[in-house]
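One structure is given below, encoded as C-alpha cells.
Proteins get letters first, then strands, A, B, ... in listed order; numbering begins at 1 in each.
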Amino acid sequence: MVKIRFPDGTERSYPDATPIRDIVDGLGGRLKKEALAAQVDGVIKDLSFCLKNDAALKFLTFEDADGAGVFHHTSSHILAQAVKRLYPGVRLGIGPAIKDGFYYDFDREESFTPEDLEKIEAEMARIVEEDLPMERFELGREEAIAFFSALGEDYKVELIRDLPEDTIISCYRTGEFVDLCAGPHLPSTGSVKACKLLSLAGAYWRGSGENPMLQRIYGTSFPKKSLLDQYLHRLEEAKKRDHRKLGRELDLFSVHDEAPGFPFLHPRGMIIRNELEKFWREQHALAGYQEIKTPIILNRVLWERSGHWDHYKENMYFTRIDEQDFAVKPMNCPGSMLLYRLDLHSYRDLPIRLAELGLVHRHEMSGTLHGMMRVRAFTQDDAHIFMLPSQIKEEVAAVIELTDRIYSVFGFDYHVELSTRPEKAMGSEEMWELATTALREVLEERGMAFIINEGDGAFYGPKIDFHLRDSIGRTWQCGTIQLDFQMPEKFDLHYIGEDGQKHRPAVIHRVVYGSIERFMAVLIEHFAGAFPAWLAPVQAVVIPITDRHHAYAASVLKRLREAGIRAESDTRSEKVGYKIREAQLQKIPYMLVVGDKEAEAGSVAVRERAGGDRGSVEVSEFINALLGEIAASQLRCPETTIDRAL
RNA sequence: GCCGGCGUAGCUCAAUUGGCAGAGCAGCUGACUUGUAAUCAGCAGGUUGCGGGUUCGAGUCCCAUCGCCGGCUCCA
C-alpha cells in the first residue's frame with residue numbers, strides 16, 4: 001500500500017502502483033472531469049503514472065499554470081502530428097508550451113502559407129476527434145538515436161546527443177506519430193477541444209543566428225470553445241491599447257518613413273514627456289543626485305578607451321570632424337567618467353551621483369524596431385554613482401527603492417532579472433563573481449523575487465533589470481542597475497582614502513525609466529491612453545452650450561490656465577453631445593459644460609471622463625479639487641527619500 | 001540582419017477572372033444655436049509606398065527597393 005496526502009491535508013491509502021487516474025476517478029466530482037495531470041511531491045506527472053511510494057499528490061487542471069502548460073504541450077504534439085500527416089518530408093525542431101499557448105518549429109523547403117495553417121488546423125481537429133491516447137515509452141540512448149535517425153529527424157538526434165548521460169529518454173506516441181519528449185502529457189488528444197493557430201514566424205534552430213532558420217507556427221488551445229473565444233476577444237481588446245494606435249489617435253507621436261526608428265513627439269506627447277522629466281528631477285534631487293549634461297558626439301579615442309570600440313562598434317554611428325573620427329554616443333557613461341576625473345575626490349565626498357537625461361543613438365537592426373518601445377535614438381534617464389566599494393550594497397538598495405517608488409506612482413507591476421557575465425566581457429572572472437554576488441545579495445536581503453538571465457549582462461558588468469509589461473503581455477526592460485569595475489580602471493578613476501592614498505572607486509550605471517520613449521510607450525498602454533490628470537496633455541475642456549456662452553467659457557478658461565491647469569475650450573458650433581463624445585475619445589479627464597445656469601452662478605457642470613456627470617460646482621472649487629488631485633497622485637516627497645538625501 | 005505577412009484619401013476599409021479607383025469618418029463651406037458619446041446639406045480630397053517589367057490594358061501578375069506588422073537574433 002502507498003499513503004497519498006492530498007492538498008487539503010487528508011491522507012488515503014492505495015494499493016502499490018495505482019495509476020493516478022484511478023485515484024482521481026475514485027474521488028469523482030469536478031476533478032474527475034477536469035484533472036489534466038498531477039504533481040507528485042511537486043513533480044508533474046502524467047495521470048497514467050503509477051504511484052509506488054508514499055507521496056503528496058495535487059491534481060492539475062487547466063486553471064493551474066502547470067496544468068495549462070501540459071495542455072498546451074500536448075497541443076503542440078497535435079500540431080506536429082498534423083503537419084507530419086500533411087507534409088511528410090518536414091523535419092521537426094522543438095515544440096514547447098509557452099505562456100497562453102504553444103509553438104512548434106519545422107524545417108521545410110517551402111514556406112508555410114496562411115492557407116496551410118487552415119489545413120493544419122483542420123487536420124488537428126481530426127486528431128482531436130480521433131481521441132488518440134498519448135502513450136509514454138522509454139528508449140536507451142543508442143536506441144533513441146537509431147529510432148529518430150531512421151525517421152530522418154536530424155534535429156531530434158542532435159537533441160538526444162546533447163542530453164546529459166543519465167537522462168531517461170522518453171517518447172510519446174499518438175497513433176502513428178512519435179515525438180521525443182520528457183512530458184508529461186494529457187491522457188489523450190480528445191480533450192483539446194478548441195485550437196487556433198495564430199501566427200507564423202522564422203526562428204533560428206536553438207536560437208542562434210549561425211543555425212538554419214526554421215518555420216515556427218504559434219498557436220493556442222483551450223478545453224472549451226468559449227474560452228478560446230474569450231481569449232481571442234481579450235487579444236482584440238488589448239490591441240486597442242497599442243501605443244502606436246493610441247499615439248496616432250491621441251496625437252502624441254508619429255514615426256515616418258524618412259526616419260525609421262526615430263519617433264517624432266507631438267505637442268501633446270511632449271507634455272507627457274515634460275511631466276515625466278519634471279517628476280524625475282524632483283525625485284532625483286530628493287535622492288541626492290546632481291544633474292549634468294554631456295555631449296552627444298565624442299572623439300573615437302574616448303570610445304577606444306571605454307571599450308565600446310571593441311565591444312559595441314556594430315551598434316554605433318560615426319562621423320568625421322576635421323579629419324578625425326568621432327562617434328555618436330550609444331551610452332552616457334564615458335562622458336560621465338570624464339567629468340568625475342576632472343577633480344580630485346576625497347572618500348568623504350562619495351558617493352557622488354551624477355544624473356543625466358542623455359540622448360543616445362544605437363543602430364538597432366531594422367527588424368527589431370517597434371513604435372516607441374524599440375527605437376534607434378532614445379533618452380536614458382541615466383545616472384552614474386561613484387562610490388567606495390563598501391558603499392555598493394547600500395547604493396544598489398537605494399536605487400532599487402527609488403525605482404520601486406517611482407514605478408508605484410504609475411501603478412506598474414514589474415519583475416526583476418539578474419543578468420550575469422556575457423561571452424564578450426571585459427574584466428576578470430573574479431571581478432564578475434564579486435559584482436554578481438553583491439547584486440544577488442542585495443536582492444536576497446530585500447526578499448525580492450528575481451530570475452537569473454545567464455550571460456545577459458553588459459560587457460562591463462552584471463546588472464539587475466526591471467521589466468514592465470505591454471498591452472499584449474510582452475515584457476520590456478526599463479530600469480536597470482549595472483555594477484561596473486571596468487570603467488573606473490579604463491579611465492583611471494580614483495579617490496583619496498583615509499590613508500591619504502589613491503584608491504579605485506566602484507561605479508553603478510543605472511536608469512529608472514530606462515528610456516523615456518519606451519517608458520512613455522508602456523505608460524500609454526498601461527493607462528490605455530486615459531492618463532491620470534497630472535500627465536494628461538489636456539486636463540480639462542470647457543464646453544459652451546451655444547455661441548452666447550462663449551464669453552463665459554473664455555473667462556472660465558482664463559481662470560483655469562491662470563491656476564496652471566492645461567485647459568482648452570471647444571467653441572465649435574456643435575451640439576453638447578458631439579463635443580462630449582470628442583472629449584471622451586480624446587480621454588480628457590474633465591469636461592466642463594457651461595450654459596445659462598453656470599454663467600449666472602459662476603460655476604461649471606463637471607463631467608468626469610470615467611464617472612460621468614457630477615453636477616455643478618463653483619469654478620474655484622473645481623480648480624482646487626483638480627489641483628489637489630494632481631498633487632496627491634504623484635505621492636511626492638515620501639519621507640524615506642528625504643532621509644536618504646540627508 | 002533573418003523568416004513570413006502587409007502597404008489604396010489624414011483615419012478605418014471597399015474595388016468580380018487584369019477592364020472607368022470608391023465609401024464612412026475627419027477636413028473645408030453654408031445652414032442650424034444646441035444641456036452630457038456623432039444635426040443637416042454641399043464641396044474638396046489619390047502618380048494605389050517608390051522604381052522597373054509583362055500586357056491592348058496593372059491597385060490586381062512578375063522583379064527590385066523602402067517602410068510597417070508578427071516572430072527570431074539583439075537590446076533601454
When we call it a touch if two heavy atoms are under 4.0 Å apart, what does D613(A) touch: a base, just sugar-phosphate, or nothing?
base

Base, sugar-phosphate alone, or nothing: which one does G209(A) contact when heavy atoms must sit under 4.0 Å apart?
-> nothing

key: Between Y590(A) and Q539(A): side-chain donor-acceptor atoms closer than 3.5 Å   = no

For T475(A) and H415(A), which I'm curious about, is there any donor-acceptor pair between the side chains at under 3.5 Å? no

Margin query: Roughly how many Å apart are rU39(B) and rC20(B), using the P atom of each and rounding to a whole number?
Written below: 37 Å

Check whether R607(A) reaches the backbone of M591(A) with its side chain - one donor and one acceptor, N or O, closer than 3.5 Å.
no

- Does a nitrogen or oxygen in the side chain of H370(A) sit under 4.0 Å from OP1 or OP2 of rG71(B)? no

- Message: Under 4.0 Å, counting only non-hydrogen atoms across every strand here, what does M591(A) touch: a base, just sugar-phosphate, or nothing?
- Response: nothing

| Phosphate OP1/OP2 of rA76(B): any K463(A) side-chain N/O under 4.0 Å | yes

Taken to the nearest whole Å, CE/M365(A) to P/rC3(B) is 13 Å

Separation of rC75(B) atom P from I464(A) atom CD1, nearest Å, is 18 Å

Using a cut-off of strictly less than 4.0 Å, decide whether R474(A) has a side-chain nitrogen or oxygen near OP1 or OP2 of rG70(B).
yes

Of R572(A) and V606(A), the one whose nearest nucleotide on RNA chain B sits closer to the 5' end is R572(A)

Under 4.0 Å, counting only non-hydrogen atoms across every strand here, what does E574(A) touch: a base, just sugar-phosphate, or nothing? base

**Prompt:** For the base of rC72(B), is there a side-chain donor-acceptor partner from T368(A) under 3.5 Å away?
**Reply:** no

For the side chain of Q215(A) and the base of rG71(B), is some donor closer than 3.5 Å to an acceptor across the two?
no

query: Just checking K597(A): base, sugar-phosphate only, or nothing, at a heavy-atom cut-off of under 4.0 Å?
result: base

Separation of rC75(B) atom C1' from H363(A) atom NE2, nearest Å, is 13 Å

Rounded to whole Å, CD of E582(A) lies from C1' of rC25(B) at a distance of 11 Å

**Item:** Lys/Arg N to Asp/Glu carboxylate O, K245(A) vs E249(A), below 4.0 Å
**Value:** yes

**Item:** Presence of R607(A) side-chain N/O under 4.0 Å of rG35(B) phosphate oxygens OP1/OP2
**Value:** no

Re rA58(B): Watson-Crick or G-U wobble partner, both distances kept under 3.5 Å, found to be none

S515(A) has its side chain closest, among rG67(B), rA76(B), rG71(B), to rA76(B)

Ring centroid separation Y317(A) to H363(A) under 6.0 Å: yes

Picking from rA37(B), rU34(B), rU12(B), the nucleotide nearest the side-chain atoms of R548(A) would be rU34(B)

Paired to rA41(B) by Watson-Crick or G-U wobble criteria (both distances under 3.5 Å) is rU29(B)

Name the nucleic acid region contacted by E598(A), choosing base, sugar-phosphate or nothing; use a 4.0 angstrom heavy-atom cut-off, strictly under.
base

At less than 3.5 Å, do the side-chain atoms of Y204(A) and the base atoms of rG1(B) form a donor-acceptor pair? yes

Item to complete: Using a cut-off of strictly less than 4.0 Å, decide whether S199(A) has a side-chain nitrogen or oxygen near OP1 or OP2 of rG71(B).
Response: no

Within the 4.0 Å heavy-atom criterion, would you say Y513(A) contacts the bases, only the backbone, or no part of the nucleic acid? nothing

Of the candidates rC32(B), rC72(B), rU39(B), the side chain of S573(A) sits closest to rC32(B)

For rC11(B), the nucleotide meeting Watson-Crick or G-U wobble distances (both under 3.5 Å) is rG24(B)

Rounded P spacing from rC2(B) to rG22(B) in Å: 39 Å

* To do: Using the C1' atoms only, state how far rC69(B) lies from rG53(B), rounded to an integer number of Å.
  => 28 Å

Quick check on E314(A): does its CD atom have over 12 non-hydrogen neighbours (other residues, nucleotides or ligands) under 6.0 Å away? yes

*Could you tell me whether V375(A) contacts a base, only the sugar-phosphate backbone, or nothing, with contacts defined as non-hydrogen atoms closer than 4.0 Å?*
base

Check whether any side-chain heavy atom of Q586(A) sits under 4.5 Å from a side-chain heavy atom of V538(A), and report yes or no. no

- prompt: Is the ring of F378(A) stacked on the base of rA76(B), with centres less than 5.5 Å apart and planes under 30° off?
  reply: yes

Here the distance between atom P of rG35(B) and atom CG of D547(A), to the nearest Å, is 13 Å

At under 4.0 Å, does any side-chain N or O of Y578(A) touch on OP1 or OP2 of rA26(B)? yes

If pairing means Watson-Crick or G-U wobble with both distances under 3.5 Å, then the partner of rC72(B) is rG1(B)

Looking for any heavy atom pair under 4.0 Å, which part of the strands does I543(A) touch: base, sugar-phosphate only, or nothing?
nothing

Just checking, any donor-acceptor pair under 3.5 angstrom between side chains of S336(A) and E356(A)? no

**Prompt:** When we call it a touch if two heavy atoms are under 4.0 Å apart, what does D456(A) touch: a base, just sugar-phosphate, or nothing?
**Reply:** sugar-phosphate

In whole angstrom, give me the gap between the P atoms of rA14(B) and rC3(B). 28 Å

Practice problem: May I ask you to say what A583(A) touches in the nucleic acid, namely base, sugar-phosphate or nothing, with a heavy-atom cut-off under 4.0 Å? | Solution: nothing

Problem set entry | Gap in Å between the two P atoms, one belonging to rC43(B) and one to rC11(B), rounded | 24 Å

Considering only heavy side-chain atoms of D257(A), the closest of rG67(B), rC72(B), rA76(B) is rG67(B)

Of F466(A) and S208(A), the one whose nearest nucleotide on RNA chain B sits closer to the 5' end is S208(A)

Check: If we take the C1' atom in both rA9(B) and rA21(B), what is their distance in whole Å?
Finding: 11 Å

Query raised in the report: Base, sugar-phosphate, or nothing: which does G595(A) touch, judged by heavy atoms less than 4.0 Å apart?
Result: base

- [ ] Using a cut-off of 6.0 Å, state whether more than 12 heavy atoms not belonging to D413(A) lie near its atom CG.
- [x] no

- Any donor-acceptor pair under 3.5 Å between the side chain of R374(A) and the base of rC74(B)? yes

Practice prompt. State whether a side-chain donor-acceptor pair under 3.5 Å links R273(A) with T379(A).
Written response: yes

Using a cut-off of strictly less than 4.0 Å, decide whether Q477(A) has a side-chain nitrogen or oxygen near OP1 or OP2 of rC75(B). no

Students often get this wrong, so: under 4.0 angstrom with heavy atoms, is V593(A) touching a base, only sugar-phosphate, or nothing? base

| request: Give R244(A) one of three labels, base, sugar-phosphate or nothing, depending on what nucleic acid heavy atoms sit under 4.0 Å from its own. | output: sugar-phosphate

Check: When the P atoms of rC13(B) and rA58(B) are considered, how many whole Å apart are they?
Finding: 28 Å

Quick note, A203(A) side chain, CB onward, closest among rC72(B), rU36(B), rC75(B) is rC72(B)

Here the distance between atom P of rC69(B) and atom CD1 of I472(A), to the nearest Å, is 12 Å

Rounded to whole Å, CD of Q586(A) lies from P of rU36(B) at a distance of 22 Å

Separation of rA76(B) atom P from F412(A) atom CZ, nearest Å, is 19 Å

